[in-house]
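When reading the values below, keep in mind they use all heavy atoms of this one structure, side chains included, and skip hydrogens, waters and symmetry mates. Each chain gets a letter, A, B and so on, in the order its sequence line appears, and its residues count up from 1. In this text, all values refer to a predicted model and were calculated from it rather than measured experimentally.
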Protein chains: 2
Amino acid sequence: MAGGQGGEAGPDGEAADRYLVRSVARAIRLINIVADGPPEGQPLSDLARALGASKSTTLALARTLTSCNLLRDVRPGPRYSLGTALIRLGDIARSQLPLGDICRPVLTDLAQLTKMTSRVAICDEGYPVFIERVDGPGSVRFHTPLGQREVPHASAAGKAMLATMPEQRVREICDQTGLRAKTAHTITDIGSLLANLALVEERGFAVDDEEDAEGILCVGAVFYGHDGSCAGAISITGIKGDLPAWRAHELGRTVRRYADKISELLGGPRHADLAAPAGARA
Amino acid sequence: MAGGQGGEAGPDGEAADRYLVRSVARAIRLINIVADGPPEGQPLSDLARALGASKSTTLALARTLTSCNLLRDVRPGPRYSLGTALIRLGDIARSQLPLGDICRPVLTDLAQLTKMTSRVAICDEGYPVFIERVDGPGSVRFHTPLGQREVPHASAAGKAMLATMPEQRVREICDQTGLRAKTAHTITDIGSLLANLALVEERGFAVDDEEDAEGILCVGAVFYGHDGSCAGAISITGIKGDLPAWRAHELGRTVRRYADKISELLGGPRHADLAAPAGARA
DNA sequence: CATATTGTTCGGCACTGCCGAACAGACCAC
DNA sequence: GTGGTCTGTTCGGCAGTGCCGAACAATATG
């Protein structure tokens with residue numbers, strides 16, 4: 001055994017998908033290491049250590065990535081940080097998701113009306129993935145990462161999406177994630193969550209009352225695609241102290257209205273038309 | 001010669017930087033092929049053809065990228081399109097550029113005030129690279145790619161940046177790019193361009209009057225970093241027909257003011273303080 | 001100046017990326 | 001139904017190439 005992998009133990013643990021290209025996977029891990037590092041970048045040695053590869057290997061990978069502008073080295077004492085090509089690819093990725101272009105104008109309007117940060121998430125196997133964010137005028141900026149799976153039980157968009165699923169599926173997802181507490185207000189009990197989701201279903205919007213972050217309030221609502229299934233959710237985010245308690249409901253109705261607007265653009269049904277039949281006929 | 005590279009001829013043309021990892025470079029090319037393709041994605045065969053590699057190789061690369069969420073395959077008849085991890089990385093890349101976080105609130109305000117799309121570009125070796133875009137309320141959305149080098153002579157941000165450079169450098173850059181005409185109004189003559197830049201320098205803002213795209217008007221202005229050098233430029237974009245001609249100057253002053261605001265946030269000098277000394281002391 | 005870092009280059013081994021060929025479904029023409 | 005061509009997938013096998021380590025150079029830090 002010459003190469004010898006160094007850091008990783010034995011047969012790579014997963015071995016899930018065969019036919020993977022090792023050096024490419026390693027290069028991507030390198031990108032993620034840089035992404036998770038400090039904004040000013042990291043020197044080569046740190047990267048090699050974190051990657052579990054030799055300096056020469058890491059240099060070759062970093063050079064390759066740099067030549068494609070996925071990474072860039074800031075000049076004095078080469079430190080590597082993310083490159084502009086990632087901005088380009090991320091921008092294209094967002095506009096290729098059909099939702100991106102459709103939702104942006106709606107988010108812009110919503111952000112301006114409510115003066116809050118508004119976002120849209122797609123539904124990725126039941127988990128919310130935020131793909132777009134529009135800040136309101138003068139609104140405080142929150143650190144809200146885009147493009148990664150979030151836990152659904154602690155966000156307005158996530159709960160709005162859960163509320164459209166059968167109870168069985170909700171239990172499955174919650175078993176996977178574990179209902180971890182992110183603040184003292186996070187719902188960590190499956191019974192309470194299901195009760196909350198019933199309320200969400202009835203109202204047509206979900207409220208995250210400091211359940212994801214202390215002092216932050218979110219209101220979210222789902223929209224539907226042309227096939228009638230849940231396509232994603234929008235939500236608005238603000239500082240709880242800035243809002244009188246009674247405004248939550250008003251904001252909820254507003255978000256519900258804008259979500260219906262997106263459903264309409266997608267050729268899907270409005271929320272009320274989906275919920276009504278059973279109750280209305282009784 | 002066993003592998004045989006297929007598409008590319010001989011010793012890879014450049015051979016510029018040695019120590020590159022071939023499979024990684026190929027994987028990145030694959031990502032770019034997907035990015036330049038249709039939003040609904042492309043089947044494996046097309047990718048293999050475009051990449052100049054065998055299907056099996058392409059499959060291995062695509063699988064690897066998919067397992068990291070850089071690509072995703074839409075299920076019936078696997079078609080590959082860009083994955084959500086790119087959205088995440090692009091978002092992080094933007095916020096790692098110190099300018100991103102600083103400019104976004106300013107852009108938001110500017111977009112709301114002018115009801116136009118506002119953008120910010122960094123100065124990448126003299127070329128503008130737009131890194132952030134904020135749409136105005138109700139504004140038409142333009143297809144304005146982020147994260148890639150633009151030619152400087154045909155955009156407001158680019159001309160604003162050129163105007164801060166010595167004439168020699170401007171000529172260098174223009175020699176490289178060639179002053180290609182993008183519309184009938186594009187300045188394609190170095191003399192006219194230099195004259196225009198002098199005006200830009202004096203006014204403190206640049207105007208792109210249908211020079212980049214037919215019917216589109218942009219106004220841009222540079223801002224300065226703590227070392228007093230040009231750090232980038234902001235610009236606003238709108239449909240020319242919607243604006244009375246006299247508004248260009250008013251918008252110019254507005255953009256100039258907001259650019260100064262960014263300079264201030266960066267600890268840099270205002271434009272007027274930079275231009276004045278020689279004249280004021282005389 | 002000495003020491004401990006870092007970034008860079010190079011030789012060489014064998015692992016791994018790569019291709020081609022063979023297989024299996026889907027789709028279309030006839 | 002059957003023959004064709006298109007897909008996507010799996011597999012053997014060769015050598016090219018990714019990888020490491022060691023030696024070097026260029027910096028910081030004492």
Side-chain angles (χ1 to χ4, degrees), chain A residues 1-8 10-12 15-30 33-34 37-38 40-68 71-81, chain B residues 1-8 10-12 15-30 34 37 40-68 71-81:
Chain A
M1 186 165 294
Q5 248 348 63
E8 284 145 295
D12 203 21
D17 287 19
R18 281 147 64 203
Y19 303 113
L20 294 190
V21 181
R22 187 167 302 214
S23 60
V24 172
R26 205 179 262 209
I28 297 170
R29 259 182 50 214
L30 182 59
I33 289 170
V34 175
E40 68 272 16
Q42 303 175 65
L44 188 66
S45 307
D46 291 5
L47 297 179
R49 223 188 322 279
L51 191 61
S54 69
K55 284 188 295 179
S56 47
T57 300
T58 309
L59 178 65
L61 291 173
R63 277 245 170 82
T64 308
L65 293 171
T66 303
S67 76
C68 304
L71 294 184
R72 48 190 273 268
D73 48 356
V74 306
R75 272 179 281 106
R79 302 172 84 82
Y80 292 92
S81 64
Chain B
M1 185 167 294
Q5 245 354 58
E8 283 145 298
D12 202 20
D17 287 20
R18 282 150 61 207
Y19 302 114
L20 294 190
V21 182
R22 187 167 300 216
S23 60
V24 172
R26 205 178 262 209
I28 296 170
R29 258 182 50 215
L30 182 59
V34 174
E40 68 272 16
Q42 302 176 68
L44 188 65
S45 307
D46 291 5
L47 296 179
R49 224 187 325 278
L51 191 60
S54 68
K55 283 188 296 178
S56 46
T57 300
T58 309
L59 179 64
L61 291 173
R63 279 245 169 85
T64 308
L65 294 171
T66 303
S67 76
C68 304
L71 295 183
R72 41 185 224 117
D73 47 356
V74 305
R75 272 185 271 102
R79 300 173 85 81
Y80 292 92
S81 64

Take the protein atom [atom1] of [X] and the nucleotide atom [atom2] of [N], then report the distance between them rounded to whole Å.
{"X": "A/L30", "N": "D/dG18", "atom1": "CG", "atom2": "C1'", "value": "15 Å"}
{"X": "A/Y80", "N": "C/dT6", "atom1": "OH", "atom2": "P", "value": "14 Å"}
{"X": "B/R26", "N": "D/dG18", "atom1": "CZ", "atom2": "C1'", "value": "14 Å"}
{"X": "A/L47", "N": "C/dT6", "atom1": "CG", "atom2": "C1'", "value": "13 Å"}
{"X": "B/R49", "N": "D/dT7", "atom1": "CZ", "atom2": "C1'", "value": "11 Å"}
{"X": "B/D46", "N": "D/dC6", "atom1": "CG", "atom2": "C1'", "value": "11 Å"}
{"X": "B/Q42", "N": "D/dG8", "atom1": "CD", "atom2": "P", "value": "11 Å"}
{"X": "A/D73", "N": "C/dT6", "atom1": "CG", "atom2": "C1'", "value": "15 Å"}

Quick check on [N]: is either OP1 or OP2 less than 4.0 Å from any side-chain nitrogen or oxygen of [X]?
{"X": "B/T57", "N": "C/dC18", "value": "no"}
{"X": "B/R63", "N": "D/dT9", "value": "yes"}
{"X": "B/R22", "N": "D/dA15", "value": "no"}
{"X": "A/S56", "N": "C/dC10", "value": "no"}

Position toward the 5' end of DNA chain C (nearest nucleotide), A/V24 or A/L44: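 With A/V24 and A/L44 compared, the 5'-side residue is A/L44.
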Nearest to side-chain heavy atoms of A/S23, which nucleotide of C/dG7, D/dC19, D/dG8: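 Among C/dG7, D/dC19, D/dG8, the one nearest the side chain of A/S23 is D/dC19.
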Selection from C/dT6, D/dT10, D/dG18 that lies nearest to any side-chain heavy atom of B/L59: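 Looking only at side-chain atoms, B/L59 lies closest to D/dT10.
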With side chains defined as the heavy atoms from C-beta onward, is the minimum distance between [X] and [Y] less than 4.5 Å?
{"X": "B/R26", "Y": "B/T57", "value": "yes"}
{"X": "A/V34", "Y": "A/L65", "value": "no"}
{"X": "B/L44", "Y": "B/P78", "value": "no"}

Straight-line distance of A/R49 CZ to A/I33 CD1, nearest 0.5 Å: 11.5 Å
Sugar-phosphate only, base, or nothing, as touched by A/S54 at under 4.0 Å among non-hydrogen atoms: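 Contact class for A/S54: base.
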